[in-house]
Amino acid sequence: MDYQFKDIEKKWQKFWADHQTFKAEDKTTKPKYYVLDMFPYPSGAGLHVGHPLGYIASDIFARYKRLKGFNVLHPMGYDSFGLPAEQYAIQTGRHPALTTEDNIATYRRQLDQIGFSFDWSREVRTSSPDYYKWTQWIFMQLFNSWYNKGADKAESIAKLVEHFEQNGSAGINAVCDDEVLSFTADEWKALNNNEQQAELLKYRLTYLRESTVNWCPALGTVLANDEVKDGFSERGGFPVEQKKMMQWSMRITAYADRLLKGLDTIDWPEPLKEMQRNWIGKSVGASVRFAIDASPKSSPKERTLNQGEANSLSFGEGRGEAIEVFTTRADTIFGTTFLVIAPEHELVAPLTTAEQKADIEAYITQAKKKSELERMADAKTVSGAFTGSYATNPLNGEKIQIWIADYVLAGYGTGAVMAVPSGDQRDYLFAKHYNLPIIPIIDIQKIETEADPTKEGHYINSGFINGLTYREATAAVIAKLEEIGAGKAKVNFRMRDAIFGRQRYWGEPVPVYFKDNLPHLIEEKDLPLVLPEVDKYLPTESGEPPLARASDWRYSQGHAPLAPSKSPPVGETLAADGGENLPPHLTGIYRETADPFYYEQLKGYSSENRKEPTEAENILWQLLRKDQTGYKIRRQHAIDQFIADFVCLQKGLIIELDGHHHKLNKEADDARTEVLNYFGFTVIRFTNDEVLQDAQKVLDQIKEKLNSSPDRISSTTSAAKVSPPVGGGDLEEAITTGAAKVSPTGGDLEGAITASAAKVSPAGGDLEGADPAGAAKVSPAGGDLEGADPAGLSYAYEHSTMPGWAGSSWYWYRYMDAHNDQEFASKSAIDYWKDVDLYIGGSEHATGHLLYSRFWNKFLKDIGKVVEEEPFKKLINQGMIQGRSNFVYRLVDELGRGTNTFVSHGLIKEYRTSPLHVDVNIVENDILNLDKFKKFRPDFADADFILENGKYHCGHEVEKMSKSKFNVVNPDDLIERYGADTLRMYEMFLGPLEQSKPWNTNGIEGVFKFLRKFWRLFHDEALNFKVSGQEPSKAELKALHKIIHKVEEDVERFSFNTSVSSFMIAVNELTEVKCNKRAVLQDLVIILSPYAPHICEELWVLLGNESGTLSYAAYPKFISAYLVEDEYAYPISFNGKTKMNLNISLSLEPKDIEALVLANADVQKYLDHKAPKKVIVVKGRIVNIVL
RNA sequence: GCUCAGAUGGUGGAACUGGUAGACACGCAGGACUUAAAAUCCUGUUCCCGUAAACGGAGUGCGGGUUCGAUUCCCGCUCUGAGUACCA
């Protein structure tokens, strides 16, 4: 029989599933090996073409390790909470759980058909209550822990409380909030429970605090730093703003140093480690206090003080007496000629003198107006304002000015810098711009045109460090600062605590309820806290997150003990005073300020984002207004979350005017165009210049467009027509390209929300079926709670949910013991599996998932639950898959209009053409299939071609893979055509795993041919299975052992592409000698099976082995003796250039070889009777004759 | 700007510690089989000169260096990709 890959692959996939062939053992004497792929989010678009690349590599490795006798854990599951399913729910009302379920089914089907050796018995889903029960449980452990810097590990809050009770706050060295109280043991005991809880919250590893967050109005949620790119949300490309909000945070900063140090112990790609190092951003330096000077110019009376803080400001004491700066160059302190503080700095108001007040206020207003984007584009502009106040340099007593400027960031260090213009370029520019002094401090410094940050040379103008070197000076300065109490050595980190909450529905509920405005953990026995059902997936009218819609969803303290205690167990709240005695800064902190007024945001968004009209806009408006075009045009109109410059709702035409159209805007513009197109709007763009130069021409073009466009949709139906993305399959694409939260409408924004909300179908019945546990578990203050007083004992839960990274920060442990309902994983399972030996995935997780996972892992180790400090020993980034687009070239006539004639790529220089994307699936090896092309678009049906040698050659280019560029190749199609084994081998054959490469199927034929050739080794001419029992020849054994060795080497260093080549060479060699000997072929089947498992299973059984035993066969032993040669064709080179080869016995020593070579007639010809200067002989390698 | 990675035929890529550059595959050209096509097989294929061939010259982004010998090591530069950015 010929190679029937379809039957074979189906058959073996079924066999593996039925027999659980790849189930990892729990109890075994075999060594363990844990191979893991990065947790996929099951998007509606199905498996992205980049995914199989990593999965195939890890699968080959897993299968190889099984052959090598390891007990391999190779699991797969889904990170199934996430935004796309929820966006889809908002648009359609379909429960995210259902969408997720469908997407997972698609994923699973695709994974199965590639023949992966996953242990599916361990599959996990983060959105399943069995799973997120433990995510919540870990959250509770974090809540119950604090970081003891002394012990350099997390410890239980109970231990902290114990310390407070015995010693007060003295002797505590914790990573905590800045403004913690200091108290004695007695003072602590005198605090009531709420006060104690409020204080403890400042220490917990997960805590609630008002912090500046990345707020994305369009997504209606906060985002983590790594989810924001260039001021836009990574997902969707929506604008992100800074906003102060009460938020759950994770004290990852406590682990900053350990996260940094751990990088040196793990085998990860260097760029990835570097990214983490940058993200953590450790800088070693000193903090220095500059006393604020009460100069005559700014007597305290004249100061414009703010609020209560100012009243308490008496000079010489209190926190206002000095400005603290952080510097990495304490040695340059004598070059400090002014201080700069951030405009947001708390001392700005008290430091501003009456004379300077106007300046400062103007500057602050202007700085606030600048968007994130403008600030970035504007990095070169120097701006700032003088406060009028002075400070004193602690080391030389110099009086220096205090300025504000936005080049100093409030969030880094202390939000203040000592400016040393001679050494720092930003300070230099600032000093030049405002005529501030610049003092050179190192003898070799060159500062005529720019700052010189050198550390070489000796100090000058620097008091007691004059003449010292950098090392000496730094030490001396810090010692002096410490001595006079003006500063100390300090380490600073760029990394911030991670925000741990999203104002979204589809995520893990936070196992917390609120009592007296304070957060309290629910009891462990009440886990999991199941996600409640809601009527729609939007924020409430008052702006609370969607979970607030579940009004019955409240925590009932059914059986909680009520006995008051001075230091209660964490997680219970027992206060009887109702929270009235809270410290002032904590009253009302949460409910009142926590929740974003999403609704208001959206409404307010349009007015906030209206730009000042430009001149061009005004001109155009005069031409467009009052139906002059025959159509009603609106100006600055909100459509979806965008503001259109002009829009004709009737025609669905948007007219955009772009001023400066730089790169940053372009992506956002393209994304929004795509979204608007999606909803039936057409966008045309003009530049300001076009309007200013010839407004009439622009107007004519607009008119033409209006007249030629069909009406969009009637305004009455437009609001109701919530156009969901075309089917679930498109969901992710829609989101990533910026799909809208609400439908765009012809009418006003408010109408849009109501309309889309109304459209949401209350999918009640279905949902209960889908998640019965959910409904039962959360029954609110129900009758079954014995004697509970619904009014008094039910409390609101936290309404935000956990962020996307929560569930993925520990999942590798769950695979070790996936069905445990007593623990997240048993101690014995963790002791056995320990950590992930090989982790494969994309580098896009560098600063998100991979950092958070290391953080949680270290925490779990601190509390004794896991054994390894680092979770992922070896990590490989698979390269990104780029798209490879094909182009056809449309002939253009004299007027610049496209014709229906297409010119082959080789001839385009002779014609005027314009390139056009063409679907890569109708192009093979860059040759266009003309028939398919004619069917590609109706207007191509009668296309003409100008061909080369009867063929149409397409152009090609590497660009992003996207549907709009017609360069998406679906793995399903390739499997249909060539089978999974071919796909697997081809993906590996493409090139090194880590390298980015365009997705191009040009060479797939070669791999397919190879497998057929391999198949034929086992068959005779008539394709009957036929192997012989003869002893293999020397050449056959050599070919076999060469490949045994080569594949071992290659797999161990993850060089899969080279081993595919070697397989081809081996099969070519064996075909050459017509080898069909069982002794050779059976071993070859084992070696190839990790790469092409289906065909190998089939041949394995044909060879007479038992079905299913191949996966656990023993990898053949390499015997080097078969490779030993007695002769070698030595390359003979002259001056390094190889001229000929000579067969010489390998037993000869260099001296004899030299004699032999020089005696050779051909060599003599080259020597031309001259004696060589020198002869180099490397045994078994080369002979080089120097002339 | 900074950090990191990379640059080899028409294409993907190989050459592991400095030792025959271009393995393997695609594509292309020619041929065999076939009424024809598909499939399969064979031959050639870095470039230049000569042009049947031997043979000769150049050649791993560019310019230098170390070495008997450099795609590999060192110095300087160009370009591409990724990450990051008023981080004090």
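The chains referred to below are lettered A, B, ... by the order of the sequence lines, with proteins before strands, and numbering in each begins at 1.
Remark: B:C28 base-pairs with B:G44; criterion is Watson-Crick or G-U wobble with both hydrogen-bond distances under 3.5 Å. In this structure, B:A21 forms no base pair with any nucleotide, since neither Watson-Crick nor G-U wobble geometry is met with both distances under 3.5 Å. Under the Watson-Crick and G-U wobble criteria, each requiring two contacts below 3.5 Å, nucleotide B:U84 is paired to B:G1.
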Enumerate the protein-to-nucleotides 12-18 of chain B contacts in which both atoms are nitrogen or oxygen and the separation is below 3.5 Å.
residue	atom	partner	partner atom	Å
B:G12	O2'	A:Leu990	O	2.5
B:G13	OP1	A:Gln995	OE1	3.3
B:G13	O3'	A:Asn1057	ND2	3.4
B:A14	OP1	A:Asn1057	ND2	3.0

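Rounded to whole Å, the P atom of B:U66 lies 15 Å from the corresponding atom of B:C75. Spacing between B:A85 and B:C26 at atom C1', rounded to whole Å, works out to 42 Å. Distance noted for atom C1' between B:A25 and B:G81: 25 Å (whole Å). Taking atom P in both B:U8 and B:U71, one finds a spacing of 15 Å when rounded to whole Å. Comparing the P positions of B:G18 and B:A23 gives an interatomic distance of 23 Å, to the nearest angstrom.
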Exercise. Classify every nucleotide of nucleotides 39-50 of chain B by which part a protein heavy atom approaches to under 4.0 Å, writing B for the base, S for the sugar-phosphate alone and - for neither, in 5'-to-3' order.
Key: SS----------
Quiz prompt | Per-nucleotide protein contact string for nucleotides 55-69 of chain B, where B marks a base within reach and S marks sugar-phosphate only (heavy atoms under 4.0 Å, - for neither) | solution = -SS----------BS
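A donor-acceptor pair under 3.5 Å links the side-chain atoms of A:Gln276 to the main chain of A:Ala846, judged by distance alone. Judged by distance alone, with hydrogens and angles left aside, the side-chain atoms of A:Tyr363 form a donor-acceptor pair with the main-chain N or O of A:Ser383 at under 3.5 Å.
For A:Arg1181, the CZ atom is loosely surrounded, since the number of other residues' heavy atoms within 6.0 Å does not exceed 12. More than 12 heavy atoms of other shown residues, nucleotides or ligands fall within 6.0 angstrom of atom CD in A:Glu270.
Note on A:Asn1068: only backbone sugar-phosphate atoms sit closer than 4.0 angstrom, heavy atoms only; bases stay farther off. When heavy atoms are screened at a 4.0 angstrom cut-off, A:Glu270 is found touching no nucleic acid atom at all.
Taking every heavy atom of both residues into account, A:Asn1057 and A:Phe989 meet most closely at CB-O, 4.0 Å.
The shortest distance between the side-chain N/O atoms of A:Arg277 and the OP1/OP2 oxygens of B:U84 is not below 4.0 Å.
Ring pair A:His849/A:His845 is perpendicular by interplanar angle, where above 60° counts as perpendicular and below 30° as parallel.
Between A:Glu1154 and A:Lys1151 no salt bridge is recorded (no basic side-chain N to carboxylate O distance below 4.0 Å).
Nucleotides of RNA chain B nearest to A:Arg494 and A:Tyr1128 differ in position, and the one nearer the 5' end is that of A:Tyr1128.
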